[in-house]
Q: 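I'd like to ask some things about the structure below.
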Amino acid sequence: MNNEQQATNADIDVSNFSRHLNGRNAPIWWGIIGLILIELSVVSAFTVTYLYLYMQHPQWPPNDIELPPLLIPTWSMILMLLSCVTMYLAGKSVEKSQPKGFVIYTFASVFMALLVLWIRWGQFDNFSMSWNEHVYGSLLWTISGFHFIHIVSAAIGTAAIGFFGVAGFYTKQRQIGVVVDTMYWNFVALAWLPFYFVLYYFPRF
Amino acid sequence: MKNQIPTEQAIFDHQQGSEPILDKTWLSPTGFFGWFTHVNQRKIGFRFVVTSLIFFALGGLLALLMRLQLVQPENTLMGAEFYHQIMTMHGTTMMFFFAVPAMEGLGIYLVPLMLGTRDMSFPRLNAFGYYVYLIAGITLYLALFLGMAPDTGWFSYVPLAGIEFSPGKGVSFWTTMITFIEISALTAAVELIVTILKQRAPGMTLNRMPIFVWSILVMSFMIVFAMPTVMVGSVLLALDRTFATQFFVAAGGGDPLLWQHLFWFFGHPEVYIIVVPALGIVSTIISTFCQREIFGYTAVVLSMVTIGFVSFGLWVHHMFTTGLPHLGLSFFTAASAMIAIPSGVQIFCWIATLWGSKVRLKTPMLFIMGFFAVFVIGGLTGVMAASIPFDMQAHDSYFVVAHLHYVLIGGAVLPFFAGLYYWYPKMTGKMLSERLGQWSFWLIFVGLNLTFFPMHQLGLDGMPRRVYTYLHSMGWEDINFFVTCAAFLMAFGFLLTFINTFISPHKSKSAGSNPWQADTLEWWAESPPRNYNFRHLPVVNSRTPLWQKAPIHKVTGIRADRRETLITTLLDAKAQSVCIMPTPTYWPFVLALTVGFGFLGFMFKPILFVVGFFLSFFAILGWLWPSRPWLAEKPPEEGHPIRGLQ
Ligand code: HEM
Ligand SMILES: [Cu+2]
């Protein structure tokens, strides 16, 4: 609206400005960007820590410990990326005022997250090394655990959003909650990329 | 427009008789229980400032205790263990519980006023950050009274801080509370960034933003990138201590030096996180007391941004004596010297502003003059310590103690007190006594030089830092005696300012809205400002709105019957939309309690962390629960706003 020729040498009337903030005009959108920046710093601190410790060791992992197999983490990677797509579709449904589609897509995402958690849980059982034997094991457990907790919170948050959706809370005008939840979801999913890379690929080179 | 609000029943703040309605809308609940619900930025900012001053006093008392122990050789006032506890608590208090929250608190109080807006972007988050800070501080001091305080220095080096050499609860308190309080710093940082980027008055382009706001913006970004590293570090240390992970344990393939990297990658920027807002205060006060715009606005802003960037490349200069490769070390010496360039630019801009102007030497300006002298000395000894051969000698001696106090007191405490004298009238409506202020300044200034300058000599004479006593034969006793006396002199100076803040509200004259004839918007509000900051939101068309002849135009059409404020565009601050702000609530306090429970519980029984995690989830749900009666509504038709909701 009228933003083009806004003069600053007269009063400005905003009585008919939109009160529905759904994107970059909403402070919370920027707040989530800030949260993501913080978490990005955390992710890089973990990644750099891994690489730093890796460089201190001629042999990695130590003592001919096996590397974890690739197939299963790759599946969880794919599931995480797929869940980003369903979250995107959930957002689109709100946009198009299709509350049913919204509910279906959100819970599909939550379901995939639960699947990933289930896979991860199994992996914890199969790690070839415990966390207190060697720093390699400590890294494997801590980084996986860190990401695990994040999926848990993203899943809980999104499930809550799904329930609000069932109650019909989200509309085209009022979808900022969905927008920011999706942003955070995407971050959690993508944060797995660097971890997947250092934990599973890097030591194979 | 489709989703126009039903304007019939709305009451706007430009309408006649809307003032009592504004008052009512923005009121903070009164009474003891009401206190826990406040969310207005000025209330929270004020609490931050007051609380940080209390921690400053506590940290100062601990310093005096240390000096009493060192007043004579082989003193038996206290043992090594207690000395190391209060030394660690002093450093931790001053850095984490005074300096950073004090600067954030000033930012939280002042930034929205300087931007011409009604509140910060996330008022409830603000309140949450405060309670986290309060809980962390109280817990740490409880640990001290229970004799369980950390005793491994403010940077908790491993292996000393590992479970093997520090088996007690002390270091666990440290790691837990450090992680916890960083949450507070990070929430404040995000909050400040978003407010600064999205809630400037229409017309306040980035290029017209007050320098203090710029400095807070730079500080906040530095917090966002630096604090997570120390959080990761202290979490890893906590894991090492609780679950026997091997991150810092050499025998398990870990690396103690990793701790130093993680800590100092945060620790060096930390110093600038404290100093950059102080630089903003200096520029603001100089400009007001010379009654002219700061010389070289762009240069000053750019050099603050540069300092922010460069400070992330200096951390290794704290590790010169750890046996890292020599080429790398030289790089960090060069980088450390480079920080002098932007600092120099600022100093020249200040000199140019002062040049030929009639400076009013009131107390705030005196503290700024003191800052010049003290900070320059601290900078000089810093350049000395950045050269490796010298550092090899002076490392871990009292020379470093002298240097760091010159930098921190010069670079943070003096400007902060200048700011206190400068903005006190805005916060309380009363001037601080000028006579007490001048006395206070001179005692502090003389006292601190007498305290810390001789410490250089002690260091060169070989006295190591962090010793709880020393022998007769070392020849350090005269200087130590002198230093202790001087420390009490300085403490008395600070005491005078504390007294001043207590008696001035009763004695001194009303300040009026703009006692210093300053140029920025906070002086356009009443003193103290109303709960909604400004009667009308302003429109700005210059860098110095209050020095303009033309009247300040206003924004109309903001509603008075609910908390509304204006959102503007990122770069050129055009009015963009209107945001409805949240109301007072208990939830931030509850969430702080549940998160605190999780962190503290972790120290005693790790599973309690999980309990805290889920309790927190419910608190967040309660917090975000839409308070409007939307559940009773039918899902709306496409494109229709829901009646009565928005
Ligand atoms: C009020 C006047 C102050 C006095 C008399 C004082 C005195 C001291 C003393 C005696 C030590 C211990 C030296 C040692 O045993 O190694 C110390 C350490 C320290 N002080 Fe202060 N100090 C004061 C203010 C400050 C301020 C304002 C700050 C920061 C903003 C600060 C930050 C530190 C730090 C970081 C340490 C190092 C602690 C450690 O070694 O772990 N001090 N101070
Ligand atoms: Cu440094």
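Protein chains get the first letters and strands the later ones, always in sequence-line order, with residue 1 at the start of each. This one's a predicted model, so the numbers in the text were calculated from it and none came from an experiment.
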Q: Against chain B, label E133(A) side chain, backbone, both or neither, depending on which of its atoms sit under 4.5 Å from a heavy atom there.
A: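 Contact with chain B involves the backbone of E133(A) alone.
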Q: Is it the side chain or the backbone of L40(A) that comes within 4.5 Å of chain B heavy atoms, both, or neither?
A: neither
Q: Where on I38(A) is there a heavy atom nearer than 4.5 Å to chain B: the side chain, the backbone, both, or neither?
A: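 Both the backbone and the side chain of I38(A) come within 4.5 Å of chain B.
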Q: Under 4.5 Å heavy-atom distance to chain A, tell me which part of I567(B) shows up: side chain, backbone, both or neither.
A: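 Answer is side chain: those atoms of I567(B) sit under 4.5 Å from chain A.
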Q: Which class fits the ring pair Y184(A) and F187(A): parallel under 30°, tilted 30 to 60°, perpendicular over 60°?
A: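 Answer is tilted, since the angle falls between 30° and 60°.
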Q: Side chain, backbone, both or neither: which part of V152(A) has a heavy atom under 4.5 Å from chain B?
A: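 The answer is the side chain of V152(A).
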Q: H57(A) versus chain B, heavy atoms under 4.5 Å apart: side chain, backbone, both or neither?
A: side chain
Q: Mind checking the CD1-CD spacing from I161(A) to Q175(A)? Nearest 0.5 Å is all I need.
A: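 If I round to the nearest 0.5 Å, the distance is 11.5 Å.
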Q: Could you look at I28(A) and say if it's the side chain, the backbone, both or neither that has a heavy atom under 4.5 Å from chain B?
A: both
Q: Quick one: NE2 on H20(A) to NZ on K172(A), what's the gap to the nearest 0.5 Å?
A: 11.5 Å
Q: Given that the side chain runs from C-beta out, which part of F614(B) has a heavy atom under 4.5 Å from chain A: side chain, backbone, both or neither?
A: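 Contact with chain A: side chain only.
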Q: As an exercise: rank S138(A), A160(A), G34(A) by heavy-atom pairs under 4.5 Å with chain B and give me the winner.
A: S138(A)
Q: At a heavy-atom distance under 4.5 Å, which candidate from G254(B), G203(B), A201(B), S577(B) has the highest pair count against chain A?
A: S577(B)
Q: Output yes when D13(B) and R118(B) qualify as a salt bridge under the 4.0 Å nitrogen-oxygen rule, no when they do not.
A: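 R118(B) and D13(B): salt-bridged.
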Q: Assess whether atom OH of Y88(A) is packed by more than 12 heavy atoms of other residues, nucleotides or ligands within 6.0 Å.
A: no
Q: Among H14(B), H261(B), E191(B), M231(B), who wins on heavy-atom pairs under 4.5 Å with chain A?
A: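 Winner by heavy-atom pair count: H261(B).
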Q: So which part of F225(B) gets closer than 4.5 Å to some heavy atom of chain A, the side chain, the backbone, both or neither?
A: both
Q: Does R120(A) have more than 12 heavy atoms from other residues, nucleotides or ligands lying within 6.0 Å of its CZ?
A: yes
Q: Measuring heavy-atom distances to chain A, does L125(B) have an atom under 4.5 Å in its side chain, in its backbone, in both, or in neither?
A: neither
Q: Can you tell me if CD on Q59(A) sees more than 12 non-hydrogen neighbours from other groups inside 6.0 Å?
A: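 Atom CD in Q59(A) is packed in, count exceeds 12.
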Q: For F148(A), does the CZ atom have more than 12 heavy-atom neighbours from other residues, nucleotides or ligands under 6.0 Å away?
A: yes
Q: Under 4.5 Å from any heavy atom of chain A, what part of L566(B) do you find: side chain, backbone, both or neither?
A: side chain
